[in-house]
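When a ligand or atom number is given, it counts from 1 through the structure's own listing order. Predicted model only: the values in this text are computed from it and were never measured.
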Amino acid sequence: MMDAIAELRKRYLAQVVGAPDPDALETVRLAALGKKGEVSLKMRELGRMTPEERQIAGPALNALKAEIDTALRARRAALDDAALDARLRAEWLDVTLPPRPRPRGTIHPVSQVMDELTAIFADMGFAVAEGPQVESDWYNFDALNIAPEHPARQEHDTFFMHRAPGDNRPPHVLRTHTSPVQIRAMQDRGAPLRVIAPGRVYRMDMDQTHAPMFHQVEGLAIDRNVTMAQLKWTLEEFCRAFFELDAVELRFRASHFPFTEPSAEVDIRCAWVDGQLKLGEGDSWMEILGSGMVHPHVLRSGGIDPEQWQGFAFGLGIDRIAMLKYGIPDLRAFFDSDLRWLRHYGFAALDLPDLPSGLSR
Ligand code: PHE
């Protein structure tokens, strides 16, 4: 028996040390210590031995089992270490490689300005309202007190949509201003009301300062005691906050819009210095908005009783104020999709403007 044990010991310890990988090692383990392994079978023979024989063979077999087990563990650890070393050598990262290029996209100045003015008006309690760009004739004109024969219809250089042949209803239009959103907001939300409506508008017009598609933001405030003074205050506060300048100067000129009475156009003082627009200085004035007290007919179109409520409204050219604030000389470049222009005038994608951290950082 003791010879057999010595032989097993020699053979299995050699096999353990020689196992080239974890699978081979497991095969060795099963052959020695598995249920039907040679060492296990030997242990079963103990039952058939005399007590004397067993006293010698029992401890010897236990010692053999423990020794092989220890050798197996040591070999497994060595194989694992070698495997890890091999992985570390194979899977490496060259941290000296240059980083990936920065994302190229930027926020268009028009989007930036919309975010900025939304932040300013939100702070004054204005919610954002929206309306369709393809608008019905009624919302774009009639509801705003622009009758079919009114000259303002021609002045608006309207783009008309097609109607099916034989359909004699007035065609839809590409909205010529954001004012139809006044009507929709009144109908949807009722009074009192404070909304702005930024968005695209369309007129058949194209030169250095006009594009057939441009952007306006409409403002509308309706309450029981709204006055022209509040309109002026609101616009001045807005301009100060938007242009981030205390010295902005506005000029209110009496004007006429069918949907406001009285009406005022508002200009901002500016100068051209070396081809760049400068604000709050110089002798030039740039018209930036139209405004006035909401006409009673318009309130009625929106389902609001003009005996109970008054309102002020304004419409502001977003592209204009973007040019003024950021010194952009040519309006047409806004819509050329020229990557060099966008990289120069665009804004970082994740810097959302808000009042506490500064609008244009
Ligand atoms: N809708 C007018 C325009 O496009 C601007 C405006 C809006 C004027 C609201 C007065 C009140 O010219």
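- In this structure, R253 pairs ionically with D267, as a charged nitrogen and a carboxylate oxygen lie closer than 4.0 Å.
- A60 meets the side-chain contact (heavy atoms from CB on, under 4.5 Å) test with M2, I5; sequence neighbours excluded.
- Using a cut-off of 4.0 Å between Lys/Arg side-chain N and Asp/Glu carboxylate O, R340 and D338 are scored as salt-bridged.
- Residues of the protein with a heavy atom under 4.0 Å from ligand 1 are H177, S179, Q182, R203, Q216, E218, F257, F259, T260, G290, S291, A313, F314, G315, listed by chain and number.
- Look at E265 and R251 and you find no salt bridge, because none of the NZ, NE, NH1 or NH2 atoms lies under 4.0 Å from a carboxylate O.
- Between Y202 and H177, a ring centre-to-centre spacing not shorter than 6.0 Å is recorded.
- Between E130 and R184, no side-chain nitrogen of the basic residue sits less than 4.0 Å from a carboxylate oxygen of the acidic one, so the salt-bridge criterion is not met.
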